[in-house]
Amino acid sequence: MPVKPSIKPADPRFSSGPTRKRPGWEPSALGQTSLGRSHRSGPPKQKLKEAIERAAAILEIPEDYRILITPASDTGAFEAAMWSMAGARGLDIFSWDAFGQRWLLDARDELKLDDLRIFEAPYGALPDLSKADPARDIVFTWNATAAGLKVPHADWIPEAREGLTFCDATSAAFAMELPWEKLDITTLSWQKCLGGEAQHGMVVLSPAARARLKTYRPAWPVPKVLQLFDAGDDHSAMFEGSTINTPSLLCVEDFLDGLRWAMKEDGLKGLVARSETNLSVLEDWVERTDWVEFVAADPATRSNTSVTLKFAGDAAGLDADGQRALAKAMAQALEREEAAYDILAYAKAPPGLRIWCGPTIDADDVAALCPWLDWAYETVRG
Ligand SMILES: Cc1ncc(COP(=O)(O)O)c(C=O)c1O
């Protein structure tokens with residue numbers, strides 16, 4: 001029997017969402033003043049506004065961009081953007097994991113856009129981004145959480161463009177630099193890089209996106225929870241924390257806690273550094289380990305948040321079911337030992353493991369995890 005490593009990660013939570021909370025988090029860290037009050041009344045509204053302002057500061061959002069809070073997490077935010085703004089011109093959609101696929105289905109099967117071009121890639125590669133046409137709208141995911149692949153840059157998006165870019169950045173925001181001048185509509189949730197509570201989303205709007213909201217009404221019906229039309233007005237109350245419907249003020253308090261922690265970590269720079277250090281710990285281990293490799297073939301596309309690994313060497317010779325069973329048994333063994341929770345690859349992704357390396361994870365925990373991964377592999381393979 002392989003010998004168990006003597007040190008365990010201090011926190012075994014490596015899930016890709018909801019993710020672990022920031023180091024030192026306790027329920028008592030949450031403010032209470034907004035609880036049990038109307039979200040339209042003074043102090044709670046102030047908290048919602050503060051969440052927007054702090055997020056804008058940490059994400060280094062340009063002055064002429066605006067942020068609003070939406071219901072239903074990142075899906076709610078992204079679908080609100082699509083239902084409210086798509087269809088004004090032709091749309092190019094780029095998809096390389098299950099989430100990109102979701103936006104594709106929305107565009108093709110729900111909104112039934114007739115002028116739609118689809119660019120897809122199998123797990124492990126990016127589609128040909130150079131095909132993006134700046135005269136058209138562009139839909140893409142900055143970091144495809146299920147695939148573990150991010151776009152390395154936005155050089156393929158011209159600054160001067162006629163269409164709008166719709167970017168799902170939920171597992172990128174607060175852990176990767178985002179070139180705002182290339183992004184017209186960007187969405188994120190609270191339970192990824194800052195370890196917040198789920199069910200709220202944010203939409204970041206460029207001036208061009210707000211102009212679209214002001215001048216365009218889609219042909220399809222838009223449910224109230226997906227209506228962003230009021231955000232066409234630069235002075236909309238939405239940008240001051242007036243939400244579409246009732247938000248969870250406990251989630252807001254928790255998000256504020258994450259934002260305050262982020263500031264203490266030196267803002268975006270510090271968050272990106274924490275996440276990249278975590279990835280580099282795994283990179284060193286993968287480099288010296290013969291049974292594993294990254295799903296992302298090109299290192300430039302390797303996610304520093306949702307890090308995905310597949311089998312190499314002997315184990316890669318197993319068929320897909322065999323590899324899936326191996327990964328599952330490893331993940332279960334690690335969970336039983338309380339060395340790692342929730343690290344099985346996304347169901348539709350190549351069989352293997354997915355390890356969250358976002359900013360709330362400590363590098364020491366990633367380092368402590370590596371010998372446990374070897375232990376699990378050797379134990380299950382026998
Ligand atoms: C890239 C991406 N898009 C969308 C979603 C869906 O997000 P939510 O559950 O916040 O609606 C996820 C969830 O993991 C994701 O990773």
Side-chain angles (χ1 to χ4, degrees), residues 13-21 51 55 68-83 93-107 110 120-121 123-124 126-127 138-151 165-176 178 183 185-204 223 225-226 228 243-245 247-248 251-252 254-255 258 275 295-296 301-308 341-349 353-361:
R13 284 172 283 199
F14 291 100
S15 149
S16 290
T19 65
R20 72 153 285 188
K21 294 207 172 285
L68 55 94
I69 296 170
T70 51
S73 207
D74 184 63
T75 309
F78 206 82
E79 291 192 334
M82 287 187 76
W83 259 254
I93 192 151
F94 294 85
S95 158
W96 59 101
D97 84 337
F99 297 106
Q101 178 75 12
R102 180 65 247 172
W103 314 141
L104 190 164
L105 296 177
D106 278 349
E110 302 299 331
E120 287 181 275
Y123 280 85
L126 292 183
I138 297 168
V139 166
F140 72 106
T141 308
W142 192 276
N143 182 72
T145 322
L149 268 77
K150 63 176 184 180
V151 292
T165 50
F166 293 62
C167 175
D168 169 3
T170 194
S171 54
F174 300 108
M176 299 176 199
L178 296 171
L183 307 178
I185 302 141
T186 308
T187 65
L188 58 119
S189 65
W190 294 351
Q191 74 275 16
K192 288 274 193 263
C193 294
L194 292 187
E197 290 302 296
Q199 279 307 322
H200 291 288
M202 287 185 134
V203 184
V204 184
V225 289
L226 300 184
L228 300 183
T243 48
I244 297 171
N245 62 344
S248 160
C251 292
V252 174
D254 186 58
F255 184 51
S275 176
V295 171
T301 64
R302 210 173 269 166
S303 170
N304 51 294
T305 55
S306 57
V307 181
T308 54
Y341 297 153
D342 311 326
I343 62 165
L344 192 58
Y346 191 83
K348 292 178 192 155
L353 304 172
R354 179 175 59 170
I355 297 164
W356 182 254
C357 279
T360 58
I361 301 287

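Remember, it's 1-based here, ligands and their atoms both numbered in the order they're listed. Note that the numbering runs from 1 along the sequence shown for the chain.
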CH2 on W190 to CD1 on I69, rounded to 0.5 Å = 4.5 Å
With sequence neighbours excluded, residues passing ring pair (Phe, Tyr, Trp, His ring centres under 6.0 Å) with Y123 | none
Start with the C-alpha distance between Y346 and F99, add both sets of side-chain angles, then the distance that settles ring pair (Phe, Tyr, Trp, His ring centres under 6.0 Å), and finish with yes or no.
-> CA-CA 11 Å; Y346 191 83; F99 297 106; 5.7 Å; yes
What residues, two or more places apart in sequence or in another chain, satisfy ring pair (Phe, Tyr, Trp, His ring centres under 6.0 Å) together with F78?
-> W103
Please identify each residue that fulfils ring pair (Phe, Tyr, Trp, His ring centres under 6.0 Å) with F14, with sequence neighbours left out.
-> none
N/O to N/O under 3.5 Å, ligand 1 against protein:
from	atom 1	to	atom 2	distance (Å)
ligand 1	3 (N)	D74	OD2	3.4
ligand 1	3 (N)	D168	OD2	2.6
ligand 1	10 (O)	S73	OG	2.4
ligand 1	10 (O)	D74	N	3.1
ligand 1	10 (O)	Q191	NE2	3.0
ligand 1	11 (O)	D74	N	3.4
ligand 1	11 (O)	T75	N	2.8
ligand 1	11 (O)	T75	OG1	2.5
ligand 1	14 (O)	K192	NZ	2.7
ligand 1	16 (O)	T145	OG1	2.4

Can you tell me if K150 uses its side chain to pair, donor with acceptor, with the backbone of T301 under 3.5 Å?
-> no
